Amino acid sequence: MTTIHWFRKGLRLHDNPALLAAVREGTELRPVFVLDPWFVKNAKVGPNRWRFLAQTLADLDAGLRKLKSRLFVVRGSPEEVFPKLFKTWDVKRITWELDTEPYARTRDERVEKLAKECGVEVACRVGHTLYRVEKIIDANLGKTPLTYQSLQKLANKLGHPPKPIGTLTELPEPCHLQEEAASNASYDPPSLKELGVKEEKLEPCFYPGGETEALARLEKYMERKSWVCKFEKPKTSPNSLQPSTTVLSPYLKFGCLSPRTMYHQLLQVYKGSSHTQPPVSLLGQLLWREFFYTVGATTPNFDRMEGNPVCRQIPWVRDEKLMDAWTHARTGYPFIDAIMTQLRKEGWVHHLARHAVACFLTRGDLWQPWEDGMKVFEELLLDADWSLNAGNWMWLSASAFFNSYFRVYSPIAFGKNTDKHGDYIRKYLPQLAKYPESFIYEPWKAPLGVQRAAGCIIGQDYPRPIVDHSVVMKRNLERMGQAYRAGKEKKASEAKPPPKKKMKK
DNA sequence: TCTGGCGTTGTTCCC
DNA sequence: GGGGAACAACGCCAG
């Protein structure tokens, strides 16, 4: 008799309630990850994230082997794979961690149905969010909280999230695998080649995937107690040469790190010391994640403008050339292009850098739909997380959550706050490295002599700006104003439906 | 029903 | 360089 634990996110051995639920005396355990070749071929996932996944699966397999088990990476779609596994392995039970994304929910419903047809019991546990989403909604009387403050209040009402359960350090004897299953190479974690990644084209790896790395990274930051206690997100730099924040986001996205583990470690560090508070504190960052997960889980069409009840309808105008220039770091604004270059190379950029490029693409300058920008992030970010990505793009495009659309990030001035000399630009756009400080953010203003001396002619070696920020920003502010007014009118007309005849009291 | 305060992270100009 | 006001003025929410 066998139990399968199906890994999807939650790729870890620590604080993994669903995995623990699969471990039982007298039952064999088969830890499974399903790799769908169709998805590998067709999904828009950049090489950096494939590499991260490959490293994560290898680490998970190694961790399980220390427990005399292994990871079974099974090739196929879940619907194809499981009915076969249920039969050949004599499976009586399957466990997985609850996933709140619509795509995953549909998938899980289908697999649950198949399991029932095969007489296999299904057990789900919450491990990816601090709270079970339904608990938050219930505490809010059935409504989705739409502001951070309301989420925070609800979290306070619920109390601290459950403490993490420990790390799985040993498995009962019957869970140990037989030699034959352990050595079957057809279930080995995928190579980069299998994932369609051309190794020779990969950039250096700064953020290796896996639980081991995640816990080491967490520990490294938690040791810096004073830094943790003083952490204020808005005061960290978007353009430092080394990340000014923890870069734990990719590990949280894949579940290499449990948010509850991080939460309770933060409480330990805070204990007895004065410390910053949400929303700006490190713990506050986990609540932001929780906020977007909650809204994303309960809002229809959350990753689209149309049919999305929380998203303002704005008449963006698609322009392939503008979109392409932004995507491939050719806008002619060095701060923007440097960020897009770092994103493509390293798979991570600072949150405020994301703000700058997202604002630039949408309401600030290029007037492109936020959905298109979201898709580029989805491809390139190691931490691309469905709810957070969509939520933040709506935020930055002033489509939802954030409404002060007149606060526009300047592609010239914003970066100077934390990097006057432009070292960040020089690092990621080396063609501009020799520009004097006075022109590094606006190289097109440099006299030709200066351009020649710097060895980079604008319009030839680096593009001219594709738009004039001060001009398009003013036009876009007007467009935003119009869209807001139109939205308000529509709301008002919906609030006052065609007068039903009512008797006055 | 109305109002004032507030919202994780704006810019520019002036003193 | 630090601080404050103007810019033009949003939606949410508590009272």
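What you are looking at is a predicted structure, and each value in this text was computed from that prediction instead of being measured. All chains are named by letter (A, B, ...) in the order of the sequence lines, taking the proteins before the strands, and each is independently numbered beginning at 1.
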Trainee: At less than 4.0 Å, is any side-chain N or O atom of A:Asn417 found next to OP1 or OP2 of B:dT9? Yes or no.
Mentor: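 So the side chain of A:Asn417 is outside the cut-off, no N or O lying under 4.0 Å from OP1 or OP2 of B:dT9.
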Trainee: Is there aromatic stacking of A:Phe406 on C:dC10 here, judged by a ring-centre distance under 5.5 Å and a plane angle under 30°?
Mentor: no
Trainee: Quick one: label A:Val280 by what it contacts on the DNA or RNA (base, sugar-phosphate, nothing), any heavy atom closer than 4.0 Å.
Mentor: base
Trainee: Without hydrogens or angle criteria, can the side chains of A:Thr245 and A:His351 be said to hold a donor-acceptor pair below 3.5 Å?
Mentor: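 Note: A:Thr245 and A:His351 side chains miss the donor-acceptor criterion.
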Trainee: Counting any heavy atom closer than 4.0 Å, what does A:Phe402 reach on the DNA or RNA strands: base, sugar-phosphate only, or nothing?
Mentor: nothing
Trainee: Provide, to the nearest angstrom, the distance between the CE atom belonging to A:Met394 and the P atom belonging to C:dG11.
Mentor: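 Rounding to the nearest Å, CE of A:Met394 and P of C:dG11 are 17 Å apart.
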Trainee: What's the closest nucleotide to the A:Ala413 side chain, out of B:dT11, B:dT8, C:dC13?
Mentor: B:dT11
Trainee: Under 4.0 Å between any heavy atoms, over every strand shown, what does A:Lys235 touch: base, sugar-phosphate, or nothing? Just pick one.
Mentor: nothing
Trainee: For A:Lys375, is there an ion pair with A:Glu378 - N to carboxylate O distance below 4.0 angstrom?
Mentor: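 No, this pair does not count.
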Trainee: Any donor-acceptor pair under 3.5 Å linking the side-chain atoms of A:Asn301 with those of A:Thr299?
Mentor: no
Trainee: NA contact type, A:Arg354, heavy-atom cut-off 4.0 Å: base, sugar-phosphate, or nothing?
Mentor: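 Contact class for A:Arg354: none.
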Trainee: Applying the Watson-Crick and G-U wobble criteria at under 3.5 Å, what pairs with C:dA8? Answer none if nothing qualifies.
Mentor: none
Trainee: Describe the nucleic acid contact of A:Ser404 in one word from base, sugar-phosphate, nothing, applying a heavy-atom distance below 4.0 Å.
Mentor: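 Touches a base.
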Trainee: Knowing that exactly one of A:Tyr462, A:Tyr428, A:Trp326 qualifies, which makes a side-chain hydrogen bond (donor to acceptor under 3.5 Å, both in side chains) with A:Asp337?
Mentor: A:Tyr462
